[in-house]
2 protein chains.
Amino acid sequence: MVKRTPEQAEETRRKILAAARHLFETKGYRDTSIAAIVDEAGTTKGALFYHFSNKEALFREVWTELQLEMDAETRAAAAAAISSTDPYAAFLAGTRVYFKWASTEAYQRIVLTDGRAVMGLERWQEDDDRLGRNNVANGLRYLAKQGHISEARIVPMSVMLLNALNGAGFSLSRKDPGVTADNLFEAFEELLRGLR
Amino acid sequence: MVKRTPEQAEETRRKILAAARHLFETKGYRDTSIAAIVDEAGTTKGALFYHFSNKEALFREVWTELQLEMDAETRAAAAAAISSTDPYAAFLAGTRVYFKWASTEAYQRIVLTDGRAVMGLERWQEDDDRLGRNNVANGLRYLAKQGHISEARIVPMSVMLLNALNGAGFSLSRKDPGVTADNLFEAFEELLRGLR
DNA sequence: AGTTTTACATACCACTGGTATGATAAAGCA
DNA sequence: TGCTTTATCATACCAGTGGTATGTAAAACT
């Protein structure tokens, strides 16, 4: 049988995505061959190239999947932590969750490491802007309205703080001596609250 | 003629390195084939694989070359800027130079983007520690001795500040609206001086 | 002078991402 | 219901890739 019902087709597409995500997360983009993906998914190259135009497009879908999950979780955490006493609370809750993501091997491999190299810089920046950076910028905008940070600094600060968190994630997973998750995040909080 | 004098051999090795560097900088690791490198270098695959064990080793040499150049320049700038009035002066001078490097396409491609993806994380971290991060950590150690920053924060802060600068470099070269080199670096300085 | 070693050049190979073609069952239509 | 079309793959194939094996000539050494 070669033709399936739409539900069956959707299922094979899902299987391919799952296999690709698993392999990209554990072995990285370069060391994951199309053959390995379809093997793990239990299908063939024909199916893969029918559902995805090429390896890079498949990767981009996995990338987006991860980013959307991260985005939803951080936004939810920030929204849940809005406080009337501490204006930093919501922002810090969101960044804390992001930091947790940035400490996972999956996020590091797919988003922070391979993402930049595989997708061109242009595309990576486009999409990255929409998610991580926009969230940080929005958080900072809120703090700026309260007068805790300069309005003109929102953009540069959002870039730097987001990358600071990325670096913190790498540092944690590389087990730098004397570094823990709390340790790192407190340092980040100090960095943030130090802004005028 | 197939065998050359040692000087000639060193020359072809140099040519291969130069061609590889040029192509890695402009096209990236993945889009640069061995054939293209030896073509630009005016030699053959035999020569390349005689001088370098594989494509990754060749890349790592280019990577190290760039890092050493950056390292020398930043250290020199920091040393030249030591001031008796402002304890931050030397550190800021060094980071300013590093920021300049982080804004170039070459450094972004080779060190910040492809380096992580090509070399494994382990190797990248090893070498990165020796250079960029160690310099930042030393600068912070100096500030800590003067009491401008907590001793316990040196490691986490060095990671985060270095990555903040990397992000700033990307932001600049991507021409984020309302962002300039001075703009970004002033924000970085604010971030640093805000630390207790 | 003869032998060994260095510095390549060339031919070759397994594998890769991607394409072209073929096959078959579902869906649309008369 | 029968016929055609089309969606969903499976298979065979291809150009290009990083890497290896082999050949070879000049330098270096004894």
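All heavy atoms count here, side chains included; hydrogens, waters and symmetry mates do not. Numbers restart at 1 for each chain; the letters A, B, ... are given by sequence-line order, proteins then strands.
Nearest heavy-atom pair, B/Tyr107 versus B/Ala102, reported as atom, atom and distance to 0.1 Å: CD2-CA, 3.9 Å. When all heavy atoms of B/Asp176 and B/Ser171 are compared, the pair lying nearest together is OD2-OG, 2.7 Å.
Mapping B/Thr5 and B/Lys45 onto DNA chain D by nearest heavy atom places B/Lys45 closer to the 5' end of the strand. Annotation: of the two residues near DNA chain D, B/Asn54 and B/Pro6, the 5′-most nearest-nucleotide partner is B/Asn54.
Distance, A/Ile34 CD1 to C/dG18 P: 6 Å, rounded to whole Å. The separation between B/Leu48 atom CG and D/dT17 atom C1' is 13 Å, rounded to whole Å. The nearest whole Å value for the distance from the CZ atom in A/Arg13 to the P atom in D/dA7 is 16 Å. The distance between atom CZ of A/Phe49 and atom P of D/dC14, rounded to the nearest whole Å, is 17 Å. Atom NZ in A/Lys3 sits roughly 6 Å away from atom P in D/dT8 (whole-Å rounding).
Residues A/Val179 and A/Lys175 fail the side-chain proximity criterion, which asks for heavy atoms closer than 4.5 Å.
The nucleotide whose nearest atom lies closest to any side-chain atom of B/Ala47 is, among C/dA9, C/dT6, C/dA23, C/dA9. When distances run from any side-chain atom of A/Thr12 to the nucleotides D/dC9, D/dT20, D/dT8, the shortest one goes to D/dC9. Distances were taken from every side-chain heavy atom of B/Thr44 (C-beta onward) to each of D/dT8, C/dT10, C/dA7; the shortest belongs to C/dT10.
Here B/Lys55 reaches the OP1 or OP2 of D/dG18: one of its side-chain N or O atoms lies under 4.0 Å away. Put simply, A/His51 has no side-chain N or O that comes within less than 4.0 Å of OP1 or OP2 on D/dT8. OP1 or OP2 of C/dA9 has at least one side-chain nitrogen or oxygen of B/Thr43 nearer than 4.0 Å. For B/Arg4 and C/dA7, the shortest distance from a side-chain N or O to OP1 or OP2 is not below 4.0 Å. Taking only side-chain nitrogens and oxygens, A/Tyr50 never comes nearer than 4.0 Å to OP1 or OP2 of D/dC9.
In this structure, the ring of B/Tyr88 has its center no less than 6.0 angstrom from the ring center of B/Phe91.
Residues A/Val118 and A/Leu112 are members of one and the same hydrophobic cluster, defined by side-chain heavy-atom contacts under 4.5 angstrom among Ile, Leu, Val, Met, Phe, Trp and Tyr.
If you check every strand for non-hydrogen atoms under 4.0 Å, B/Ser33 touches sugar and phosphate atoms only.
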